[in-house]
Amino acid sequence: SGANAAEARRPPAVVRLPGDRATPNRLFEDRSGTLWCGTADGLFRVDRDSESPSVHFVNLGMPSELWDDPIVTSLAEDGRGGLWVGAGSGLYHRTAEGSVERFTSAHGLPDNRMRDIALAPDGTLWLATRAGLVRLRLDPATLRPASVKTISHADGLASNDVLALHPSGDGRMWVGTFSGVSDVDGGSVSSYGEAQGLHGSVFSLEEDRNGDFWLGGDSGVDRLTRNGLVTYDVTDGMADPIVDTLLEDRTGTLCAVRTSQRSVFVSRLNGRRFEAIEIPLPSGAAYPGWGWNQSFLQDHLGEWWLPTGRGLWRFGSAPSASVLASARPKRIYTTADGLPVDDIFVVYEDSRGDVWFSLASPLTNGLCRWRRETDRIESFHDGEGLPPLRTFLPTVFAEDRAGTLWIAFNRGCIARFRGGRFDLLTKTNGVPQGWITSLLIDQAGRIWIAAGVGGLGVIDDSGAAHPRVRRH
């Protein structure tokens, strides 16, 4: 239209602020369209209704004893059209009607100098100060502070010197500091700094449409990818960055298991950090089993099973592995119970509650099943649809939705156990060659096979009389 064309041809207006110190620090547009300008000499309102915008000083009653008293650093609007103002002399609240109240250290703030302020969707007001991050919970009736809590470096904040704030779309508060950035989620604080490749101070933060954060600071611009991979190591509380087995215990806690010569270390994920537990082997156990992926088991009744070099150790029921630090095994299964050798490799529980395990020894390998209803060991031998166990080691177990058990070996073959008998799949059936390290049953019922030499394979129809493996 003609009006829009005229608007497009209108030259940009230059608005000059009065005074030598009125350098703009922060621009903010409220919901009514009013433009506010925070400067080194106080707060100004910009009237844009006319062709020549005008500027009006807004008197907040700021003191002027110190040079930074009138510096306005940050602005935020509350749900009633009021304006929160962060300044060098404290925190100010200007209501929609124009009344002003000031909040300082006399009201519980750790410092009067506000670096930044942010109003979260739940109405909580967050303040960035030199003495930590401040969380103000406001009285919904009066919008006055009802409680004040300071979060500091002692609580996990990257630094007490807080510079910038940004509430994320999922309700967290991201905090730029002198020594990196922090993520505050309720009572949990996670920080990222030098160890994560972030160098120096973070002065500004912005979230993009993917939920990633862009950080502006001493080292330029960094992107923090929140939905990518997160690496945990000893700095996050783990006992060891090398993990033999991952499992979820009966409490729903993720456990990362690492075995050493005389102990088993279980690192339990507690929030965003791990807690490491050492389970020393009772006297008489030569060493833990040296398998991986299935080297530690909690069965459906909460009992714990540990492969060792001197038999299969069975501990009593406990919801968490932390109890095992001082527990004794209730039963130890050895050659006296029918095992071919005492060196246990991996262990697995099937849907019937029976426990399968493999054995690895210079003398021979082995495959066994502990029957829960009889508390007896059943040992399987060559010629039963299995490869020669003298040289073939069972490395991993998996059970499909039909209750069929699949057993992979270290030399490129897989045994299927159903109806009380084994069927062997080999290279002829397309099984990828090499040491098979993992089996996975996906939601569609397909069986994925990972092998050290042959790569990845998949069985699409696990119930077929003669399954074929499709290679990837």
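Please read all numbers here as calculations on a predicted model, not as lab measurements.
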query: Has the side chain of Glu349 got a donor or acceptor atom that lies under 3.5 Å from a matching backbone atom of His300?
result: yes

task: Give, for atom CZ of Arg268 and atom OG of Ser320, the distance between the pair rounded to the nearest 0.5 Å.
output: 3.5 Å

task: Please check if any side-chain donor atom of Thr129 sits under 3.5 Å from a side-chain acceptor atom of Arg115, or the reverse.
output: no

task: Compare all side-chain heavy atoms of Phe296 with those of Thr259 and state whether any distance is below 4.5 angstrom.
output: no

query: Do Tyr192 and Asp222 get their side chains close enough for a donor-acceptor pair, meaning under 3.5 Å?
result: no

- prompt: Please walk me through it: do Asp350 and Arg369 pass salt bridge (charged side-chain N to carboxylate O under 4.0 Å, His left out)?
  reply: CA-CA 10 Å; Asp350 65 23; Arg369 173 173 59 171; 5.0 Å; no

task: Name the orientation class of the two ring planes belonging to Trp370 and Trp305 (parallel below 30°, tilted from 30 to 60°, perpendicular beyond 60°).
output: tilted

statement: Value for CG (Asp354) from CZ (Arg372), rounded to nearest 0.5 Å, stands at 7.5 Å

field: Check: Phe28 ring centroid to Trp36 ring centroid under 6.0 Å
entry: no

- request: Go through Arg45 and Thr34 one step at a time and tell me if the side chain to side chain donor-acceptor pair (under 3.5 Å) criterion holds.
  value: CA-CA 7 Å; Arg45 186 184 71 248; Thr34 300; over 6 Å; no

message: Measuring only between side-chain heavy atoms, which start at C-beta, is Ile459 closer than 4.5 Å to Trp406?
response: yes

query: Less than 4.5 Å apart, any side-chain heavy atom of Ile407 and any of Leu367?
result: yes

- request: List the atom of Phe315, the atom of Pro329, and the distance in Å for their closest heavy-atom pair.
  value: CE2-N, 3.5 Å

- request: Return the minimal non-hydrogen interatomic distance between Asp116 and Leu163, and the atom names on each side.
  value: CB-O, 3.9 Å

- prompt: For Leu301, does its backbone N or O pair with a side-chain atom of Ser317 as donor and acceptor, under 3.5 Å?
  reply: yes

message: Could you check whether Ser54 and His56, counting side-chain N and O atoms only, form a donor-acceptor pair closer than 3.5 Å?
response: yes

field: Polar side-chain atom of Thr245 near backbone of Ser295 as donor-acceptor pair, under 3.5 Å
entry: yes

message: Tell me if a side-chain donor or acceptor on Asn270 pairs with a main-chain N or O of Arg273 at a distance below 3.5 Å.
response: no

task: For Glu278 and Ser263, test the side chains for any donor-to-acceptor distance below 3.5 angstrom and give the result as yes or no.
output: yes

query: Side chains of Asp337 and Arg331: does their closest heavy-atom pair fall under 4.5 Å?
result: yes

Backbone of Pro110 reached by a side-chain donor or acceptor of Thr150 within 3.5 Å: no

- request: With side chain to side chain donor-acceptor pair (under 3.5 Å) as the test, would you mind laying out the steps for Ser32 and Asp30 before giving the verdict?
  value: CA-CA 5 Å; Ser32 70; Asp30 65 21; 2.7 Å; yes

- prompt: Between Arg223 and Asp208, is there a salt bridge with N-O shorter than 4.0 Å?
  reply: no

task: Begin from the C-alpha positions of Arg401 and Gln443 and carry the test side chain to side chain contact (heavy atoms under 4.5 Å, CB included) through to its verdict.
output: CA-CA 9 Å; Arg401 294 184 298 187; Gln443 293 182 351; over 6 Å; no

message: Has Asn112 got a side-chain atom pairing as donor or acceptor with Ser105's backbone, closer than 3.5 angstrom?
response: yes

query: Under a 4.5 Å cut-off applied to non-hydrogen side-chain atoms, are Gln196 and Ser191 in contact?
result: no

message: Under a 4.0 Å threshold between the charged nitrogen and the carboxylate oxygen, would Arg94 count as salt-bridged to Asp78?
response: no

query: How about Ser179 and Thr177: does a side-chain donor come under 3.5 Å of a side-chain acceptor?
result: no

query: Looking only at heavy atoms, which two atoms of Leu198 and Gly180 are closest? And how far apart?
result: CD2-CA, 4.0 Å

- request: Report yes if some heavy atom in the side chain of Val264 is under 4.5 Å from a heavy atom in the side chain of Trp313; otherwise report no.
  value: no

task: Take Arg113 and Asp69 through the salt bridge (charged side-chain N to carboxylate O under 4.0 Å, His left out) test and state the conclusion after the steps.
output: CA-CA 8 Å; Arg113 293 174 175 83; Asp69 279 348; over 6 Å; no

query: Within the side chain of Asp155, is there an N or O that forms a donor-acceptor pair under 3.5 Å with the backbone of Ser152?
result: yes

- request: Would you check if the distance from the ring center of Tyr232 to the ring center of Phe274 is below 6.0 Å?
  value: yes

- prompt: Can you name the one residue among His93, His107, Glu101 that meets side chain to side chain donor-acceptor pair (under 3.5 Å) with Arg144?
  reply: Glu101

query: Looking at Phe397 and Gln294, what are the two nearest heavy atoms and their distance?
result: O-NE2, 2.8 Å

- request: Please report the closest heavy-atom contact between Asp212 and Thr225, naming both atoms and the distance.
  value: OD1-CA, 3.5 Å

task: Verify, without hydrogens or angle tests, whether Asp139 (side chain) and Leu143 (backbone) share a donor-acceptor contact under 3.5 angstrom.
output: no

- prompt: Just checking, any donor-acceptor pair under 3.5 angstrom between side chains of Tyr287 and Asp343?
  reply: yes

Beyond-backbone contact of Ser358 with Asn365, side-chain heavy atoms, under 4.5 angstrom: no

message: A quick test of your reading: do over 12 heavy atoms of other residues, nucleotides or ligands sit less than 6.0 Å from CZ of Phe57?
response: yes

Geometric class of the Trp435/Phe345 ring pair [parallel <30°, tilted 30-60°, perpendicular >60°]: tilted

query: Where do Ile344 and Leu312 come nearest, in terms of heavy atoms and distance?
result: CG1-N, 3.7 Å

- request: Specify whether Trp448 and His472 have parallel, tilted or perpendicular ring planes, treating 30° as the upper limit for parallel and 60° as the lower limit for perpendicular.
  value: tilted

task: Could you check Thr73, Leu91, Val58, Leu60 and say which one makes a side chain to side chain contact (heavy atoms under 4.5 Å, CB included) with Val85?
output: Leu60

message: Under a 3.5 Å threshold, yes or no: a donor from one side chain and an acceptor from the other, between Gln298 and Asp249?
response: no

Side chains of Ile277 and Phe265 in contact at under 4.5 Å (non-hydrogen atoms): no

message: Donor-acceptor check, side chain of Asn410 to backbone of Leu393, threshold 3.5 angstrom: yes or no?
response: yes

query: So, does Arg258 use its side chain to make a donor-acceptor pair with the main chain of Met238 at under 3.5 Å?
result: no

field: Side-chain donor-acceptor pair present, Arg314, Tyr333, cut-off under 3.5 Å
entry: yes

task: Answer yes if the side chains of His166 and Glu207 hold a donor-acceptor pair under 3.5 Å, and no otherwise.
output: no

field: Under-4.0 Å salt bridge between Arg310 and Asp342
entry: no

task: Evaluate the ring pair (Phe, Tyr, Trp, His ring centres under 6.0 Å) criterion for residues Tyr348 and Trp356: first the C-alpha distance (whole Å), next the side-chain angles of each, then the deciding distance (0.1 Å), finally the verdict.
output: CA-CA 5 Å; Tyr348 179 83; Trp356 295 75; 8.7 Å; no

message: With side chain to side chain contact (heavy atoms under 4.5 Å, CB included) as the test, pick out the partner of Val257 among Leu247, Asp240, Val243.
response: Leu247

message: Could you tell me if Arg137 and Thr124 have a donor-acceptor pair between their side chains, going purely by distance under 3.5 Å?
response: yes

- request: Scan side-chain atoms only and decide if Ser89 and Tyr92 contain a donor-acceptor pair under the 3.5 Å cut-off.
  value: yes

- prompt: Regarding Ser159 and Asp161, is there a side-chain donor-to-acceptor distance under 3.5 Å anywhere?
  reply: no

